[in-house]
There are 2 protein chains.
Amino acid sequence: MTISRAADEAGVGVETIRFYERKGLIEQPLRPSGGYREYDRETVERIRFIQQAQELGFTLREIGELLALRTDRKADCADVRNQAIAKRDEVECKIARLEEIRAALDAVIATCPGGGSLNSCTIMEALSDHRAKAAVTTESPD
Amino acid sequence: MTISRAADEAGVGVETIRFYERKGLIEQPLRPSGGYREYDRETVERIRFIQQAQELGFTLREIGELLALRTDRKADCADVRNQAIAKRDEVECKIARLEEIRAALDAVIATCPGGGSLNSCTIMEALSDHRAKAAVTTESPD
DNA sequence: ATACACTCCGTACAGTAGTACGGAGTCAAC
DNA sequence: GTTGACTCCGTACTACTGTACGGAGTGTAT
């Protein structure tokens with residue numbers, strides 16, 4: 001399978017495959033003819049694995065670790081589970097943070113008269129510091 | 001006020017101020033002595049405004065627009081309100097997406113035996129495509 | 001044998017938000 | 001008048017996930 005075929009099968013671009021290769025996410029493929037990369041079904045699966053994991057919010061670095069686990073004979077299912085749990089906790093933190101932001105935006109929108117000069121715009125006021133802290137600040141930013 | 005003093009007052013780094021200046025978020029300051037930047041209280045406020053808006057999830061580009069509105073005589077409170085509403089909608093989309101991810105991770109964690117070889121690891125299975133679609137895929141990725 | 005599509009490679013670029021560096025100039029104090 | 005802290009500038013680098021480019025080589029079909 002050529003690189004463009006593999007890219008099609010996996011649903012990514014050719015350059016993406018070369019990029020993953022550089023990043024060590026997929027192994028160096030054989031080059032039987034004229035230096036052209038030769039891919040098998042397994043590598044396509046591996047690329048799909050990467051895509052799936054990305055959809056779950058894993059970074060390429062983390063996916064690299066998962067892939068390393070996959071070929072590690074000593075690796076345990078619990079290792080993978082722990083990774084997944086850590087990622088879920090991380091996602092939960094992000095959600096909580098975004099919910100705070102949403103609440104702050106809602107508050108600010110609710111008090112806005114919705115028209116008139118900026119001098120009486122409560123949103124601008126809220127962003128212009130002083131009193132703003134209560135409505136806006138929510139501990140450490142991301 | 002020197003740049004380092006202004007940075008302290010605003011709670012950012014010196015380089016950050018120069019960066020904002022390059023980005024056009026703050027105006028070119030006066031340089032009365034030896035080419036040193038001279039800041040006033042108003043600029044510090046402006047930098048704080050930027051920080052506040054960042055905490056609400058606005059990007060620097062969007063903040064630049066808000067700041068432009070602020071000095072635009074024709075600007076209306078409704079313009080600001082619309083920006084805030086658009087941002088809230090955006091935040092809501094992100095939350096929804098993350099909640100899908102969390103659900104998928106929860107599902108995958110729940111079915112994991114929690115120990116044993118990777119061959120029986122349901123998380124790895126889920127990531128390894130085929131059947132995975134149902135549990136993992138949630139329409140367009142971010 | 002030649003056209004055409006495909007592939008090779010390294011490098012640069014995209015956007016986001018800064019941070020770091022190094023050599024030179026400057027300010028205030030002692 | 002010299003020390004030490006501060007500032008200047010442009011550039012490069014961080015992290016992330018790719019995308020684009022351009023000139024050269026190669027495989028396949030006609």
Side-chain angles (χ1 to χ4, degrees), chain A residues 1-26 28-39 43 46-67 87 90-91 94 97-98 101 140-142, chain B residues 1-26 28-39 43 46-67 87 90-91 94 97 140-142:
Chain A
M1 204 187 310
T2 65
I3 192 169
S4 62
R5 185 105 169 79
D8 281 353
E9 299 269 321
V12 299
V14 167
E15 302 290 345
T16 302
I17 294 183
R18 296 212 313 121
F19 173 72
Y20 287 169
E21 189 182 311
R22 274 205 302 285
K23 287 283 165 184
L25 289 169
I26 57 183
Q28 299 283 337
L30 294 173
R31 309 248 191 147
S33 71
Y36 283 20
R37 290 170 178 80
E38 175 76 28
Y39 293 101
T43 305
R46 197 175 172 99
I47 295 166
R48 291 221 187 106
F49 179 100
I50 295 169
Q51 305 296 306
Q52 297 291 335
Q54 275 191 304
E55 287 198 32
L56 283 186
F58 289 93
T59 66
L60 290 186
R61 174 184 300 274
E62 290 161 343
I63 294 167
E65 288 163 17
L66 284 175
L67 287 166
K87 182 53 65 178
E90 203 180 292
V91 168
K94 280 187 192 168
R97 173 74 184 135
L98 285 171
I101 289 171
S140 59
D142 243 345
Chain B
M1 205 187 312
T2 64
I3 193 170
S4 63
R5 185 106 168 77
D8 280 355
E9 300 269 321
V12 301
V14 166
E15 302 291 345
T16 302
I17 294 184
R18 297 212 312 121
F19 174 71
Y20 287 170
E21 190 182 310
R22 275 204 301 284
K23 286 283 166 183
L25 289 170
I26 56 184
Q28 299 284 336
L30 293 173
R31 309 251 189 146
S33 70
Y36 283 20
R37 290 168 179 84
E38 175 76 29
Y39 293 102
T43 305
R46 198 176 171 96
I47 295 166
R48 291 221 188 106
F49 179 100
I50 295 169
Q51 305 297 305
Q52 297 291 335
Q54 275 191 303
E55 287 199 31
L56 283 186
F58 290 93
T59 66
L60 289 188
R61 173 183 301 274
E62 290 160 342
I63 293 165
E65 287 162 19
L66 284 175
L67 287 166
K87 181 54 63 177
E90 202 181 291
V91 169
K94 279 188 193 169
R97 173 74 183 135
S140 60
D142 247 344

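Because the structure is a prediction, the values reported are computed rather than measured.
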Ion pair A/Arg18/A/Glu21, N-O distance below 4.0 Å | no

Salt bridge or not for B/Arg61 and B/Glu65, using N-O below 4.0 Å?
-> no

Decide yes or no, distance alone: a donor-acceptor N/O pair under 3.5 angstrom between the base of D/dG10 and the side-chain of B/Arg22.
-> no

Could you state the atom-to-atom distance from CG of A/Asp8 to C1' of C/dC6 in whole Å?
-> 12 Å

Would you say A/Arg48's side chain and A/Glu9's backbone share a donor-acceptor pair under 3.5 angstrom?
-> yes

Interatomic distance where CD belongs to A/Gln51 and P belongs to D/dG18 [whole Å] | 7 Å

Using a cut-off of less than 4.0 Å, is there contact between a side-chain N or O of A/Tyr20 and OP1 or OP2 of D/dG18?
-> yes

Tell me, for nucleotides 24-30 of chain C in 5' to 3' order, what letter each nucleotide earns: B for a base near a protein heavy atom under 4.0 Å, S for only sugar-phosphate near one, - for neither?
-> -BBS---

Would you indicate, yes or no, if D/dG18 has its OP1 or OP2 atom less than 4.0 angstrom from a side-chain nitrogen or oxygen of A/Gln54?
-> yes

For the pair made of CG in A/Leu30 and P in C/dC8, what is the distance, rounded to whole Å?
-> 13 Å

To the nearest 0.5 Å, what is the distance between CD (B/Gln51) and OG1 (B/Thr16)?
-> 7.5 Å

Ignoring backbone atoms, test whether A/Thr16 places a side-chain nitrogen or oxygen under 4.0 Å from the OP1 or OP2 oxygen of D/dT19.
-> yes

For the side chain of A/Glu15, starting at C-beta, report the closest nucleotide among C/dC21, D/dT19, D/dG18.
-> D/dT19

Here the distance between atom C1' of D/dC8 and atom CD of B/Gln28, to the nearest Å, is 13 Å

Under 4.0 angstrom between A/Arg18 side-chain N/O and C/dC8 OP1 or OP2 = no

Find out whether B/Phe19 and B/Leu60 are in side-chain contact, i.e. whether some heavy atom of one side chain is under 4.5 Å from a heavy atom of the other.
-> yes

Rounded to whole angstrom units, what separation is found between the CD1 atom of B/Ile63 and the C1' atom of C/dA17?
-> 11 Å

Go through C/dG18, D/dT7, D/dT17 for me and flag the one nearest to the B/Phe19 side chain.
-> C/dG18

For the side chain of B/Glu62 and the backbone of B/Thr59, is there at least one donor-acceptor N/O pair under 3.5 Å apart?
-> yes

Below 4.0 angstrom from OP1 or OP2 of D/dT7, is there any side-chain N or O of B/Arg37?
-> no

Side chain to side chain, B/Tyr39 and B/Arg5, heavy atoms closer than 4.5 Å = no

Can you tell me how far C1' of D/dT17 sits from CD1 of A/Ile47, to the nearest Å?
-> 15 Å

Contact nearer the 5' end of DNA chain D, comparing B/Glu21 with A/Val12 | B/Glu21

According to a strict under-4.0 Å criterion, is A/Arg61 in side-chain N/O contact with OP1 or OP2 of D/dC16?
-> yes

Gap between atoms CZ and P, on A/Arg5 and C/dA5 respectively (whole Å) | 19 Å

Contact class for B/Arg31 (heavy atom, under 4.0 Å): base, sugar-phosphate, or nothing?
-> sugar-phosphate

Interatomic distance, B/Ile17 CD1 vs D/dC6 P [rounded to whole Å] = 15 Å

Does any non-hydrogen side-chain atom of B/Tyr36 lie less than 4.5 Å from one of B/Thr2?
-> no

